[in-house]
Amino acid sequence: MSLEEALQRLRHHYQSMPPVAAMQISVADYDGRRLRLHAPLSQHVNDKGCAFGGSLASMMTLASWGLVSLGLEQAGIDADVYVADSQIRYLAPLFADIDVDAELATDADWNTFLSTLRERGRARTGLVARVRLPEGGVATDFTARYVAIARG
């Protein structure tokens, strides 16, 4: 299966969930290690004119989930992916469109995650996601553990 087919399936999956479709999220980039999602501020603005915290949390959760899901699909593993726990820090308001980057945590190893999943039928891994400010700082950061459970 091609990378473009996997990305198309991810886009379709996001659009099949009504709350996510309303967020107008698009897959902006994927390089095999990092997934970037984008959404217009106009769909996520709060009463202060900046990005709504719930939208930032949702997008970081979705980006991290999407990264794991794409990696599993590329590895040929059929599994359900769940967020086990997460922590979010809101560092600065964002008055621009939302761009979220998700990647494995520095102490996570993709090969160990895959081999554990193949051997035990379930595995977990750490992820990090960030929302950057237009000038390059970080508006919000997110750390989480995701669990994959093999189907069948």
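Owing to the predicted nature of the structure, the values given are computational and were not obtained by experimental measurement. We count residues from 1, following the sequence as given. In what follows, every heavy atom counts, from backbone to side chain, and hydrogens, waters and symmetry copies are set aside.
- Using a 4.0 Å cut-off between a side-chain N of Lys or Arg and a carboxylate O of Asp or Glu, D99 and R36 do not qualify as a salt bridge.
- Linking Ile, Leu, Val, Met, Phe, Trp and Tyr whenever their side-chain heavy atoms come within less than 4.5 Å puts L3 and I77 in one cluster.
- The line from CD of E5 to CD of E73 is 8.5 Å long, rounded to the nearest 0.5 Å.
- Taking the charged nitrogens against the carboxylate oxygens, R11 and E4 do have a contact shorter than 4.0 Å, which makes a salt bridge.
- Scanning both residues, A39 and M23, for their nearest heavy atoms gives CB-O, 3.8 Å.
- V128 and I88 fall into different hydrophobic clusters, defined by Ile, Leu, Val, Met, Phe, Trp and Tyr side-chain heavy atoms under 4.5 Å apart, directly or through other members.
- Annotation: side chain of R34 is not in contact with side chain of D29 (no heavy-atom distance under 4.5 Å).
- Residues S64 and V68 have side chains not in contact (no heavy-atom distance under 4.5 Å, counting atoms from C-beta outward).
- Checking side-chain atoms of S16 against main-chain N and O of H13 turns up a donor-acceptor pair under 3.5 Å.
- When the shell of 6.0 Å around OH of Y30 is examined, it contains more than 12 heavy atoms from other residues, nucleotides or ligands.
- Between the W65 side chain and the V81 main chain, a donor and an acceptor come within less than 3.5 Å of each other.
- Separation of atoms CG (D85) and CZ (R124) is listed at 9.0 Å; rounding is to 0.5 Å.
- No donor-acceptor pair closer than 3.5 Å links the side chain of E119 to the backbone N or O of T116.
- No continuous path of hydrophobic side-chain contacts links V147 to L127 [ILVMFWY only; heavy atoms under 4.5 Å].
- Heavy-atom minimum distance, A108 versus G126: CB-O, 3.6 Å.
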Could you go step by step and tell me if F52 and V45 meet the side chain to side chain contact (heavy atoms under 4.5 Å, CB included) rule?
-> CA-CA 6 Å; F52 176 61; V45 69; over 6 Å; no
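- The structure places CZ of R118 at 10.5 Å from CZ of F113, a figure rounded to the nearest 0.5 Å.
- For the atom pair Q8 CD and S2 OG, the distance stands at 10.0 Å (nearest 0.5 Å).
- No chain of hydrophobic side-chain contacts below 4.5 Å, direct or via other Ile, Leu, Val, Met, Phe, Trp or Tyr residues, connects L133 to L41.
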Evaluation steps, side chain to side chain contact (heavy atoms under 4.5 Å, CB included), between N46 and C50 | CA-CA 6 Å; N46 65 17; C50 60; 3.4 Å; yes
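- Counting heavy-atom neighbours within 6.0 Å of R151 CZ, excluding the residue itself, gives a total above 12.
- Salt bridge annotation for R130-D101: absent, with no cationic side-chain nitrogen under 4.0 angstrom from a carboxylate oxygen.
- Contact detail for V83 and A144: the closest heavy-atom pair is CG2-CB, 4.5 Å.
- A distance of 9.5 Å separates CD in Q43 from OG in S55, rounded to the nearest 0.5 Å.
- In terms of heavy-atom proximity, G49 sits nearest to F95 at O-CD2, 3.3 Å.
- Of the candidates V131, L62, L35, L56, V131 is the only one forming a side-chain contact (heavy atoms from CB on, under 4.5 Å) with V100.
- Y146 places a side-chain N or O within donor-acceptor distance of the main-chain N or O of T61, the cut-off being under 3.5 Å.
- Taking each heavy atom of A139 and L94 in turn, the nearest pair found is CB-CB, 4.2 Å.
- For the atom pair I149 CD1 and L117 CG, the distance stands at 9.5 Å (nearest 0.5 Å).
- Under a cut-off of 6.0 angstrom, the local environment of CZ in R33 is sparse, with at most 12 non-hydrogen atoms contributed by other residues, nucleotides or ligands.
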Can M59 and I25 be said to form a side chain to side chain contact (heavy atoms under 4.5 Å, CB included), step by step?
-> CA-CA 8 Å; M59 285 187 64; I25 292 173; 3.8 Å; yes
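- Taken together through direct or relayed side-chain contacts under 4.5 Å among Ile, Leu, Val, Met, Phe, Trp and Tyr, Y90 and I98 form part of one hydrophobic cluster.
- Nearest heavy-atom pair, M60 versus T140, reported as atom, atom and distance to 0.1 Å: CE-CG2, 3.2 Å.
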